[in-house]
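Remember, it's a predicted structure, so these values are computed and weren't measured experimentally.
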Amino acid sequence: MATARALSRVAIVGAVAALGASAPVTASGVRADTPATVTTVTDQARSGSPASVVDRVADFYGAYIDVLYDSGRGRLADSLRGHYLTPKLRSSLARWEAAHHKDGVLRAKGVPISWQVVYNDSGMGHCWTRVTLTWQDAGKHVHRTRLMVQSDLATRLISGIKPA
């Protein structure tokens, strides 16, 4: 489904191309018509399935990072943890966070500027995904954190997070 913003971009590009197709190309006053070149703007399509364990990990990280970015750690972030993470993992994260004074889901302080989730492996009732978090410090230096996330295939809940 196209967004209003994407449709606006396409309309603007089309209008500019249509106007530019008959514009003079030289300062001599001689009109030279050239074929219009239209550059289309396409947004990356995103999709998912509630039955896919990998999609659920991506949905969790996307929503969790959005909440932290918008309003910081609070009730909504805790609710997301309650919905996507096993009770055992939530307990483990609480202990890890108390010892390290960082967010256990991200294994860091602050909020990443982007994230990526890809399938890694599955077996014995579990699926492992690789999560790459991209960070940018005040000096515009970019670095990445890589995590291995384990999910239970039966419940589709995230049951483990560790550095990759």
- Query: Are Asp152 and Ser159 close enough that a side-chain donor and a side-chain acceptor fall under 3.5 Å?
  - Reply: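 Their side chains do contain a donor-acceptor pair, which is all the 3.5 Å distance test asks for.
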- Do we see a donor-acceptor contact under 3.5 Å between the side chains of Thr132 and Trp115?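 The criterion, which ignores hydrogens and geometry beyond distance, is not satisfied for Trp115 and Thr132.
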Would you give the length of the straight line joining atom [atom1] of [X] to atom [atom2] of [Y], rounded to the nearest 0.5 angstrom?
X: His143; Y: Gln136; atom1: NE2; atom2: CD; value: 10.5 Å
X: Asp55; Y: Ser47; atom1: CG; atom2: OG; value: 7.0 Å
X: Gln150; Y: Lys162; atom1: CD; atom2: NZ; value: 8.0 Å
X: Asp59; Y: Arg46; atom1: CG; atom2: CZ; value: 11.5 Å
X: Leu93; Y: Leu85; atom1: CG; atom2: CG; value: 6.5 Å

Over all atoms of both residues, closest heavy-atom pair of [X] and [Y]:
X: Pro112; Y: Trp135; result: N-CZ3, 3.3 Å
X: Pro163; Y: Arg107; result: CD-NE, 4.2 Å
X: Val53; Y: Ser151; result: CG1-CB, 3.1 Å
X: Leu133; Y: Leu147; result: CD1-CD1, 4.0 Å
X: Thr129; Y: Val57; result: OG1-CG1, 3.6 Å
X: Val54; Y: Cys127; result: CG2-SG, 4.1 Å

- Message: Walk me through whether Thr86 and Ile158 qualify under side-chain contact (heavy atoms from CB on, under 4.5 Å).
- Response: CA-CA 6 Å; Thr86 63; Ile158 296 170; over 6 Å; no
- Please state whether the rings of Phe60 and Tyr84 are parallel, tilted or perpendicular, taking 30° and 60° as the class boundaries.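 Answer is tilted, since the angle falls between 30° and 60°.
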- Item | Flag, side chain of Tyr69 to backbone of Gly72, donor-acceptor distance under 3.5 Å |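 Checked: no pair found.
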- Message: Is it the case that the side chain of Arg156 and the backbone of Pro50 share a donor-acceptor pair, with hydrogens and angles ignored and the cut-off at 3.5 Å?
- Response: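 Side chain of Arg156 to backbone of Pro50: a pair is present.
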- Item | Pairs meeting criterion salt bridge (charged side-chain N to carboxylate O under 4.0 Å, His left out) with involvement of residues 80-101, two or more places apart |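 Pairs touching residues 80-101 that pass the test: Arg73-Glu97, Arg81-Glu97, Arg81-Asp103.
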- Task: Quick one: list whatever passes ring pair (Phe, Tyr, Trp, His ring centres under 6.0 Å) with Trp128, sequence neighbours left out.
- Result: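 Residues passing ring pair (Phe, Tyr, Trp, His ring centres under 6.0 Å) with Trp128: His126.
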- Quick one: ring pair (Phe, Tyr, Trp, His ring centres under 6.0 Å) partners of His100, sequence neighbours excluded?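 For His100, the residues satisfying ring pair (Phe, Tyr, Trp, His ring centres under 6.0 Å) (neighbours in sequence not counted) are Trp96.
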- Decide whether Leu157 and Tyr119 are clustered together by the hydrophobic rule: side chain heavy atoms of Ile, Leu, Val, Met, Phe, Trp, Tyr closer than 4.5 Å, transitively.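 Unlinked, Leu157 and Tyr119 end up in two clusters.
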- Message: Hydrophobic clustering (ILVMFWY, side-chain heavy atoms < 4.5 Å, transitive) - are Tyr61 and Met148 grouped together?
- Response: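 Hydrophobic grouping puts Met148 apart from Tyr61.
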- Query: Considering the options Thr145, Val111, Leu68, which one meets the side-chain contact (heavy atoms from CB on, under 4.5 Å) requirement together with Leu106?
  - Reply: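 Result for side-chain contact (heavy atoms from CB on, under 4.5 Å) with Leu106: Leu68.
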